[in-house]
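Keep in mind the model is a prediction, meaning the values are calculated, not measured. Letters A, B, ... mirror the listed sequences (proteins, then strands); counts begin at 1.
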Amino acid sequence: MSLGPLPGFRDFYPNELAERSFIFGAWREVARRYGFVEYDGPPLEALELYTRKSGEEIVGQLYNFTDKGGREVALRPEMTPTLARMVGARANALRKPIRWFAIPQLFRYERQQRGRLREHFQLNVDIIGEPSVTADAELLAVAIDIMRAFQLRSSDVVARVSDRRLLEGYLRAVGVPEASLPAAFAVIDKLERVPRAVSEEKLAGAGIPAEARARVLDVPCATLDDVAAALGDAPHRAVLEEFRRYLDYLRALVGDDAEQWVRFDLSIVRGLAYYTGIVFELFDVKGELRAICGGGRYDNLLASLGGADLPAVGFGMGDVVLGELIRARSLMPSAAPAIDTWVAVADDASTTDAMRVAARLRARGRSVEYALREQKLARQLKAASAAGARETVILAGADLARGEAVVRRMADGEERRVNLDAWIAEG
RNA sequence: GUGACUGUAGCUCAAUUGGUUAGAGCACCGGACUGUGGCUCCGGGGGUUGCGGGUUCAAUUCCCGUCAGUCACCCCA
């Protein structure tokens, strides 16, 4: 029992890798159906790529070091800066809107806890260069279809959608002073986890009047109509119209059960960093896990990172929480090993005979194993069974002399005598 | 980075008030079964009881430290 993996890092034994591949496979398949194409970038980047926009304080959250050439570098904590750079470098040459996805391994130097490691794989899906809300709808539709690809239903997962502009307008309309908006955002972000009294106290401390405080605390319950009523004829009217079209588009894309999948929830804040419009998060309905996926519109980010000035929408979906949910709902397929054929030898047949047959089967694309050392037939069949072989071909010297062999179907033990050449040819 | 709780075989767990050589099930390897797997029976390997120190005649057990894990903060992906 020597050194294990570093804290927050994972070993992927064949079983775990099979689960990971299952998740990646579904991600790629759904992304492909929506016409997204896969890209990737380097896992190690210049530290400045991350500090330029986020400031030096982000360094505490990064795996960073000085390389042997004296360069300050960091393992990537997110994909968007890399994406911005790649798009920026060829902005004029790329067909718009750009529909790209990636499955980067991301790193973060933070104390680990459930669903949150120091390393994870995250599906990133982005549409760049399309300001219309159709792109927002397309994006959430991908995320929901990915849930469906895992056999998750709207009784398992719900998308909560909000719009930072609506939230801001609503807060102003109900009497939150301009200067208190950031504090109000922070409280709203934590409403679910913090006792109501504590939240109220914080709002009071931020200088928000009592009447407005009550409205802020009820933000999670505010309906789209409530928001419309509060906003009146303010300039936010257009945003409201846009949001209603968004929901219409979702009904068209997701289907009749779109209402079950999507819930308006103004309290979704999403770190409030660079999002400029509609934002969403996917949660397990039982509320036992962290967010499965989060994303939204970030129209200014690419320009501020020094790339092209293009509007964008995107989301990230990590493999850790998603994997937990899939396992919790018993939707993770078992990763039993399965080979096509086991080649066994009996009597005076030799390992060399098994090798020759195995080679011919393998050349025809079959997955084939045989005993690497001499074993009794019973032992070989046991190994064949453990390896998940569908069938075992039993070679014996006398049969081989006639060009024959016995093929045993492992499921029920039924055996038939075959002409070896013909049998290999039909495989 | 802060706090609370928890660390015994690959996994799930035992081990009397501190008391011989730390056990069991599952898993793994082998035998019973010299040409037939799954079942059964038998056997085997595998532990510095996370690590280090302390108290004691004696520590898996009590104390301290440390590392790791879980959870909650912080923060976010």
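At B:U70, one or more side-chain N or O atoms of A:Q112 fall inside 4.0 Å of OP1 or OP2 (strictly under the cut-off). Dashed line: the shortest gap from a side-chain N or O of A:R373 to OP1 or OP2 of B:G30 is under 4.0 Å. The shortest distance between the side-chain N/O atoms of A:Q113 and the OP1/OP2 oxygens of B:A72 is below 4.0 Å. For A:Q375 and B:G30, the shortest distance from a side-chain N or O to OP1 or OP2 is below 4.0 Å. For B:A32, the OP1/OP2 oxygens have a side-chain nitrogen or oxygen of A:K376 closer than 4.0 Å.
Across every strand in view, B:A32 sits in a pair with B:U40 that passes the Watson-Crick or G-U test at under 3.5 angstrom. Pairing partner, B:A4: B:U70, with both Watson-Crick or wobble hydrogen-bond distances short of 3.5 Å. In this entry B:C26 has B:G10 as its Watson-Crick or G-U wobble partner, both defining distances falling under 3.5 Å. Figure legend. B:G47 is base-paired to no nucleotide; pairs are counted as Watson-Crick or G-U wobble with both atom distances under 3.5 Å. Base pairing of B:U20: no nucleotide in any strand meets the Watson-Crick or G-U wobble criterion (both distances under 3.5 Å).
Remark: the A:R108 side chain and the B:C76 base include no donor-acceptor N/O pair separated by less than 3.5 Å. Contact annotation: side chain of A:R114 to base of B:U70, donor-acceptor pair absent below 3.5 Å. Side chain A:R379 to base B:G30: no donor-acceptor pair is found below 3.5 Å. No hydrogens or angles were tested; on distance alone, a donor-acceptor pair under 3.5 Å links the side chain of A:E415 to the base of B:U36. Checked by distance alone, A:R111 brings no side-chain donor or acceptor within 3.5 Å of a matching partner on the base of B:C73.
Using a 4.0 Å heavy-atom distance criterion, A:L377 is classed as a base contact. Residue contacts for A:G115: at a heavy-atom cut-off of 4.0 Å it reaches no nucleic acid atom on any strand shown. The residue A:G413 sits close to a base: some heavy atom pair falls under 4.0 Å. No engagement by A:M317 is indicated, since no non-hydrogen atom pair under 4.0 Å with the nucleic acid exists. Using a 4.0 Å heavy-atom cutoff across all strands shown, A:A411 reaches at least one base atom of the nucleic acid. Residue-level contact check: A:L117 touches the bases, meaning some heavy atom is under 4.0 Å from a base atom. Counting any heavy atom pair closer than 4.0 Å across all strands shown, A:A384 reaches no nucleic acid atom. Within 4.0 Å (heavy atoms only), A:Q61 reaches sugar-phosphate atoms of the nucleic acid but no base atom. Nucleic acid contact for A:A383: none, since no nucleic acid atom lies under 4.0 Å from a heavy atom of the residue.
Along RNA chain B, the nucleotide nearest to A:A378 and the one nearest to A:L106 differ in position, and the one closer to the 5' end is contacted by A:A378.
Nucleotides B:A27 and B:G38 are separated by 13 Å at their P atoms, to the nearest Å. Rounded to the nearest Å, the gap between the P atom of B:A58 and that of B:U12 is 34 Å. Across the C1' atoms, B:A22 and B:C63 are found 22 Å apart, a figure rounded to whole Å. Atom C1' of B:C71 sits at a distance of 34 Å from the matching atom of B:C28, rounded to the whole Å. The same atom, P, is picked in B:C41 and in B:C57; the two are 48 Å apart, to the nearest Å. For the P atoms, the distance linking B:G23 with B:U48 amounts to 15 Å, nearest Å. Of the P atoms belonging to B:A59 and B:U66, the separation is 23 Å, rounded to the nearest Å. Nucleotides B:C73 and B:C11 have their C1' atoms positioned 32 Å apart, rounded to a whole Å.
Within the 3.5 Å criterion, the main-chain N or O of A:A206 finds a donor-acceptor partner in the side chain of A:S180.
Looking at A:Y39 and A:N124, their side chains never bring a donor and an acceptor atom within 3.5 Å of each other.
Rounded to an integer number of Å, the gap from CG of A:D189 to C1' of B:A77 is 14 Å. If you measure from atom CG of A:N124 to atom C1' of B:A77, you get 9 Å, rounded to the nearest angstrom. Atom NZ of A:K202 is separated from atom P of B:C74 by 7 Å (rounded to the nearest Å). When rounded to the nearest whole Å, the span between CG of A:D348 and P of B:U34 equals 17 Å. Summarising the geometry, the separation between CD on A:E281 and C1' on B:C76 is reported as 11 Å, rounded to the nearest angstrom. What separates CD of A:E110 from P of B:C74 is a distance of 13 Å, to the nearest Å. Taking atom CG of A:L301 as the reference point, atom P of B:A77 lies 11 Å away to the nearest angstrom. Taking atom NZ on A:K382 and atom P on B:U40, their separation rounds to 10 Å, with Å as the unit.
Minimum heavy-atom separation, A:I128 to A:A312: CG1-CB, 3.9 Å. The two residues A:R10 and A:D319 come nearest to each other via the heavy atoms NH1-OD2, 2.9 Å. Closest heavy-atom contact between A:V176 and A:A184: CG1-CB, 4.3 Å. Counting all heavy atoms, side chain and backbone alike, A:H120 lies closest to A:G318 at ND1-CA, 4.0 Å.
Here the side chains of A:F101 and A:F315 are not in contact, with every heavy-atom distance at 4.5 Å or above. In this structure the side chain of A:I103 reaches within 4.5 angstrom of the side chain of A:R28, judged on heavy atoms.
Ion pairing between a basic and an acidic side chain is recognised when a charged N comes within 4.0 Å of a carboxylate O; A:E414 and A:R408 show no such pairing.
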